[in-house]
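One structure is given below, encoded as structure tokens.
Each ligand, and each atom within it, is numbered from 1 in the order the structure gives. Here the structure is a predicted model, which is why all the values come from computation and not from measurement.
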Amino acid sequence: MIAGDPRIWSDPLEFKPERFLTTHKNVDVRGQNFELLPFGSGRRACPGISFALQIVQLALASFLHMYDISIPSDAKVYMTETVGLTNNKATPLEVLIKPRLHLPSFMD
Ligand code: HEM
């Protein structure tokens, strides 16, 4: 399975994003480390890598800065995926999003 080799990834099916801050913090996502190829590799690799890495960070940081994000008290987060070409959640995520900044009036 792509990116699911237990010889490379401990608990490959577990959602453990913290592994990229610890055991795998030096993995290169630009196509040089074949155990993780989110943008592909070689001549047909994604030409938008640099743009994408900056935009993902900017968009995520802006979102986290502007909103308080929580789940309803009775809700649970399930990480099970469906089978398919892309990763979809088997159980939809219920999220409450609340603005945490006072916007200037022109943005009302
Ligand atoms: C997080 C965001 C992105 C991811 C994960 C991603 C991932 C990928 C992957 C896996 C491929 C196929 C590589 C291959 O065939 O080996 C690809 C191709 C491509 N991507 Fe991205 N991409 C992202 C964002 C972007 C952006 C922002 C642009 C343009 C502004 C872009 C433009 C392209 C183009 C034009 C191709 C086709 C390249 C070719 O077939 O020669 N991508 N991308």
Under 4.0 Å from one or more heavy atoms of Ala52, ligand 1 contributes atoms 1 (C), 2 (C), 24 (C)

When you measure from atom 3 (C) of ligand 1 to every protein heavy atom, which one gives the shortest distance, and what is it? Phe39 CE2, 3.3 Å

Atom CD of Gln57 with >12 non-hydrogen neighbours under 6.0 angstrom: no

Ser10 versus Arg19: any side-chain heavy-atom pair under 4.5 Å? yes

Give a yes or no on whether a salt bridge exists between Arg30 and Asp28, defined as a side-chain N under 4.0 angstrom from a carboxylate O. no

N/O of Arg44 under 3.5 Å from N/O of ligand 1, yes or no? yes

Intermediate values then yes/no, side chain to side chain contact (heavy atoms under 4.5 Å, CB included), Trp9 and Lys16: CA-CA 10 Å; Trp9 304 100; Lys16 284 186 181 175; over 6 Å; no

Please list, in number order, the atoms of ligand 1 under 4.0 Å from a heavy atom of Phe51. 27 (C), 30 (C)

Pro47: numbered ligand 1 atoms lying under 4.0 Å from its heavy atoms: 19 (C), 20 (N), 33 (C), 34 (C), 35 (C), 36 (C), 38 (C)

Using atom types as modelled and distance alone, determine if a side-chain donor or acceptor of Asp5 lies under 3.5 Å from a backbone N or O of Arg7. yes

From the options Cys46, Gly40, Gly48, Ala45, select the one whose nearest heavy atom is closest to atom 23 (C) of ligand 1. Cys46

Can you confirm whether Arg100 sits close enough to His65 that some side-chain heavy atom of one is under 4.5 Å from a side-chain heavy atom of the other? yes

Which ligand 1 atoms does Pro38 reach within 4.0 Å, using its non-hydrogen atoms? 5 (C), 7 (C), 10 (C)

